[in-house]
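Note that ligands are numbered from 1 as they come in the structure, with each ligand's atoms numbered from 1 the same way. Computed from a predicted structure; not experimentally measured.
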Amino acid sequence: MNLLLLGRGKTGSLVAELAAERKHHIRVVGANENAGCAALTKEKLDDTDAVIDFTTPHCVLANIEACVRAGKNMVVGTTGWHGEVDRIRNLVESHGTGFVYAANFSLGVNLFLDVARAAAAALRHDYSGQIFERHHVHKKDAPSGTAIAIQRVIREACGKNEDLEIISFREGEVVGMHEVVLESAADRIYLCHDAKSRQGFADGAVRAAEWLAGKKGFYDFQDVWREL
Ligand SMILES: NC(=O)c1ccc[n+]([C@@H]2O[C@H](COP(=O)([O-])OP(=O)(O)OC[C@H]3O[C@@H](n4cnc5c(N)ncnc54)[C@H](OP(=O)(O)O)[C@@H]3O)[C@@H](O)[C@H]2O)c1
């Protein structure tokens with residue numbers, strides 16, 4: 001595929017490596033070349049099959065809007081914009097493009113969401129719970145998009161209209177650790193996902209771009225990762 005990658009930071013640089021290993025042609029654009037979405041005009045995207053975004057919460061919505069208006073399929077890993085998800089779904093559907101997003105593209109975290117969904121049954125009994133997330137000190141958003149996704153699946157699965165509290169820590173160079181702790185008078189359940197590197201995020205994002213080829217529609221990676 002001909003891929004355009006936005007962001008050559010910690011995750012983007014790994015996405016570029018993995019995409020090249022998987023024999024895709026990948027062009028990478030950073031903040032300077034893409035000021036005001038200059039790299040995302042219809043003409044400049046003419047020979048691009050899909051755009052992958054690992055940039056920052058402050059520019060991601062403008063990137064999405066430009067790519068969708070140019071009719072391009074998109075894979076978005078950048079977090080911090082999910083409050084706008086309904087507006088973006090409408091935009092994607094009205095332009096007939098394909099779009100996959102995730103707060104976390106690693107298969108392990110998506111499996112972890114299933115585990116959390118099952119464990120949410122505890123909240124229908126005498127358990128209370130909390131979510132803890134730890135990331136490196138450079139992370140721009142808190143709580144993490146992954147913690148918010150865990151909170152959402154637990155709320156939906158337990159059938160109560162209450163969110164578990166999320167406690168965020170920013171420490172050193174931690175790649176990403178998420179814990180769910182459920183506690184009753186009798187015992188305590190610990191669930192933990194600890195990312196050892198950014199490899200899983202990058203691999204999932206490239207596979208999502210491959211999966212999206214020739215498709216239209218707005219997809220949460222949680223609903224499609226089993227098909228990869
Ligand atoms: N979904 C997932 O699986 C997943 C996994 C990891 C991270 N993330 C999220 O992905 C995002 C990036 O994380 P990161 O750790 O890679 O961040 P990072 O190391 O800070 O990299 C961000 C990159 O974005 C570039 N950038 C900023 N504005 C841009 C623009 N308008 N156009 C193109 N590039 C632009 C920067 O370019 P310059 O270097 O040129 O300034 C920088 O290379 C964050 O929101 C993070 O939470 C998601």
Could you tell me whether Val60 approaches ligand 1 through its side chain, its backbone, both or neither, with non-hydrogen atoms closer than 4.0 Å?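 Under 4.0 Å from ligand 1, Val60 contributes no heavy atoms.
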Calculate, to the nearest 0.5 Å, the distance between atoms CD1 and OG1 belonging to Ile52 and Thr11 respectively.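 Interatomic distance, Ile52 CD1 to Thr11 OG1, rounded to 0.5 Å: 12.0 Å.
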Can you tell me how far the NZ atom of Lys139 sits from the OG1 atom of Thr79, to the nearest 0.5 Å?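 Going from the NZ atom of Lys139 to the OG1 atom of Thr79 covers 4.0 Å.
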Say whether [X] and ligand 1 are in contact under the criterion: heavy-atom distance to a ligand atom below 4.0 Å.
X      : result
Gly80  : no
Glu33  : no
Lys139 : yes

Is the Phe105-Phe201 ring centre distance short of 6.0 angstrom?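 No - the distance between ring centres of Phe105 and Phe201 does not fall below the 6.0 Å cut-off.
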Report yes if [X] has an N/O atom closer than 3.5 Å to an N/O atom of ligand 1; otherwise report no.
X      : value
Phe105 : yes
Arg198 : no
Asn63  : no
Ala102 : yes
Ala103 : yes

Heavy-atom proximity to [atom], best of [options]:
atom                    : options                     : value
atom 20 (O) of ligand 1 : Lys140, His135, His58, Arg8 : Lys140
atom 45 (O) of ligand 1 : Asn104, Thr79, Asp203       : Thr79
atom 26 (N) of ligand 1 : Gly12, Ala31, Ala208        : Ala31
atom 9 (C) of ligand 1  : Gly77, Ala62, Ala205        : Gly77
atom 12 (C) of ligand 1 : Thr11, Leu14, Thr55, Thr78  : Thr55

How about NE2 on His25, more than 12 heavy atoms from neighbouring residues, nucleotides or ligands closer than 6.0 Å, or not?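 Check fails, neighbour count at 12 or below.
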Parallel, tilted or perpendicular for Phe132 and Phe169, by the 30°/60° rule?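 Parallel.
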Please confirm whether the backbone N or O of Gly98 pairs with a side-chain atom of Asn73, one donor and one acceptor, at under 3.5 Å?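 Yes, Asn73 side chain to Gly98 backbone: donor-acceptor pair under 3.5 Å.
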Is there a donor-acceptor contact under 3.5 Å from the side chain of Asn110 to the main chain of Asn104?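 Yes, Asn110 side chain to Asn104 backbone: donor-acceptor pair under 3.5 Å.
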Any protein heavy atom < 4.0 Å from atom 39 (O) of ligand 1: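 Looking at atom 39 (O) of ligand 1, one finds that no protein heavy atom lies closer than 4.0 Å.
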